Amino acid sequence: QVQLVESGGGLVQAGGSLRLSCATSGRSFSNYFMGWFRQAPGKEREFVSAISWSGTSTFYADSVKGRFSISRDNAKKTGYLQMNSLKPEDTAVYYCAATYRGASIMNQNEYFAWGQGTQVTVSS
């Protein structure tokens with residue numbers, strides 16, 4: 001069993017930055033990949049980014065590439081999503097999730113544990 005708790009969301013102006021954190025407990029954090037997804041009002045949840053168990057491989061949706069950066073600290077059992085140059089279209093509830101090595105990391109159905117989400121609102 002693994003539990004994930006996001007934090008760091010909030011209201012920011014366009015062009016600003018936020019850093020989301022995903023604190024975990026339970027099963028060994030370093031054994032699985034971590035992903036970030038988001039869901040805007042009226043839209044389906046979509047993949048944002050993912051990172052391998054070692055942190056050496058990272059993946060990004062085209063919409064955030066070059067602006068967002070994913071990282072993890074296995075000693076602290078915490079993952080991070082640094083979001084820069086935020087745009088109003090980045091407004092959404094952001095979720096972190098865990099999946100196993102070899103899973104299709106862009107497919108939310110491949111993730112076995114989810115956080116409760118944190119709201120990010122970007123004003124124009």
Side-chain angles (χ1 to χ4, degrees):
Q1 189 81 4
V2 61
Q3 294 80 40
L4 303 98
V5 178
E6 304 94 337
S7 62
L11 173 64
V12 63
Q13 288 188 332
S17 298
L18 282 174
R19 189 195 196 200
L20 305 183
S21 297
C22 178
T24 73
S25 61
R27 268 192 269 171
S28 179
F29 177 69
S30 61
N31 286 346
Y32 50 82
F33 280 48
M34 189 190 72
W36 287 92
F37 290 76
R38 67 186 181 186
Q39 187 168 20
K43 296 186 177 181
E44 293 189 355
R45 190 158 54 185
E46 64 176 3
F47 171 79
V48 175
S49 183
I51 188 168
S52 64
W53 64 274
S54 63
T56 55
S57 297
T58 57
F59 310 86
Y60 297 95
D62 288 342
S63 59
V64 305
K65 203 170 293 183
R67 300 187 297 122
F68 290 13
S69 178
I70 191 172
S71 62
R72 65 191 293 165
D73 185 332
N74 287 343
K76 295 183 178 179
K77 296 185 178 181
T78 301
Y80 305 96
L81 185 67
Q82 178 67 43
M83 307 186 296
N84 299 326
S85 303
L86 283 161
K87 305 175 181 180
E89 50 264 44
D90 295 318
T91 294
V93 177
Y94 283 71
Y95 300 88
C96 65
T99 189
Y100 296 109
R101 191 187 314 182
S104 175
I105 52 114
M106 295 181 68
N107 184 348
Q108 59 180 308
N109 295 321
E110 298 270 325
Y111 288 76
F112 65 86
W114 292 81
Q116 83 290 348
T118 185
Q119 176 71 47
V120 171
T121 303
V122 184
S123 63
S124 57

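The chain is numbered in sequence order, starting from 1. Since the model is a prediction, treat every value here as computed from it, not as a measurement.
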*Is any side-chain heavy atom of Ser69 closer than 4.5 Å to a side-chain heavy atom of Tyr60?*
yes
*Same cluster or not: are Val93 and Met34 linked, directly or through other Ile, Leu, Val, Met, Phe, Trp or Tyr residues, by side-chain heavy atoms under 4.5 angstrom apart?*
no
_If we check ring pair (Phe, Tyr, Trp, His ring centres under 6.0 Å) with Tyr100, which of these qualifies: Phe112, Phe33, Tyr32?_
Phe112
_Distance in Å, Ser63 OG paired with Phe47 CZ, rounded so as to fall on 0.5 Å steps_ = 9.5 Å
*Evaluate the side-chain proximity of Arg38 to Glu46: yes if any heavy-atom separation is below 4.5 Å, no if none is.*
yes
*Distance (rounded to the nearest 0.5 Å) between Ile51 CD1 and Trp36 CH2*: 11.5 Å
*Step through it carefully: locate the ring centre of Tyr111, locate the ring centre of Phe37, and say whether they are under 6.0 Å apart.*
yes
_Nearest-0.5 Å distance, OG1 of residue Thr24 to NZ of residue Lys77_ = 6.5 Å
_Strictly distance-based, threshold 3.5 Å: is any side-chain N or O of Thr99 a donor or acceptor partner for the main-chain N or O of Glu110?_
yes
*Nearest 0.5 Å please: distance from the CD1 atom of Ile105 over to the OG atom of Ser49.*
8.0 Å
_Membership question, hydrophobic clusters at under 4.5 Å side-chain separation (ILVMFWY): are Met83 and Val12 in the same one?_
yes
*To the nearest 0.5 Å, what is the distance between CZ (Arg101) and OG (Ser54)?*
8.0 Å
*asked:* Are there over 12 heavy-atom neighbours, none belonging to Lys65, within less than 6.0 Å of that residue's NZ?
replied: yes
*Of Tyr80, Tyr94, Phe68, which is the lone residue that meets side-chain contact (heavy atoms from CB on, under 4.5 Å) with Leu20?*
Tyr94
*Heavy-atom distance under 4.5 Å between the side chains of Val5 and Gln116, does that happen here?*
yes
*Determine the minimum heavy-atom distance between Ala92 and Ala40, stating which atoms define it.*
CB-N, 3.8 Å
*Closest approach of Ala113 and Leu4, non-hydrogen atoms and distance?*
CB-CD1, 3.5 Å
*Can we say Asp90 and Lys87 salt-bridge, meaning some charged N sits less than 4.0 Å from an Asp/Glu carboxylate O?*
no
_Nearest atoms (heavy-atom pairs only) where Ser124 meets Ala14_ = CA-CB, 4.3 Å
_Heavy-atom side-chain proximity of Gln119 to Thr91 below 4.5 angstrom_ = yes
_Could you measure the distance from the CZ atom of Arg72 to the OG atom of Ser52? Nearest 0.5 Å is fine._
7.0 Å
*Any side-chain heavy-atom pair of Trp114 and Arg45 under 4.5 Å*: yes
*State, yes or no, whether a side-chain contact exists between Glu6 and Leu81 at a heavy-atom distance under 4.5 Å.*
no
*Is Ser21 close to Lys76 at the side-chain level, that is, under 4.5 Å between some pair of heavy atoms?*
no
*Minimum heavy-atom separation for Val48 to Val64, with atom names?*
O-CG2, 3.6 Å
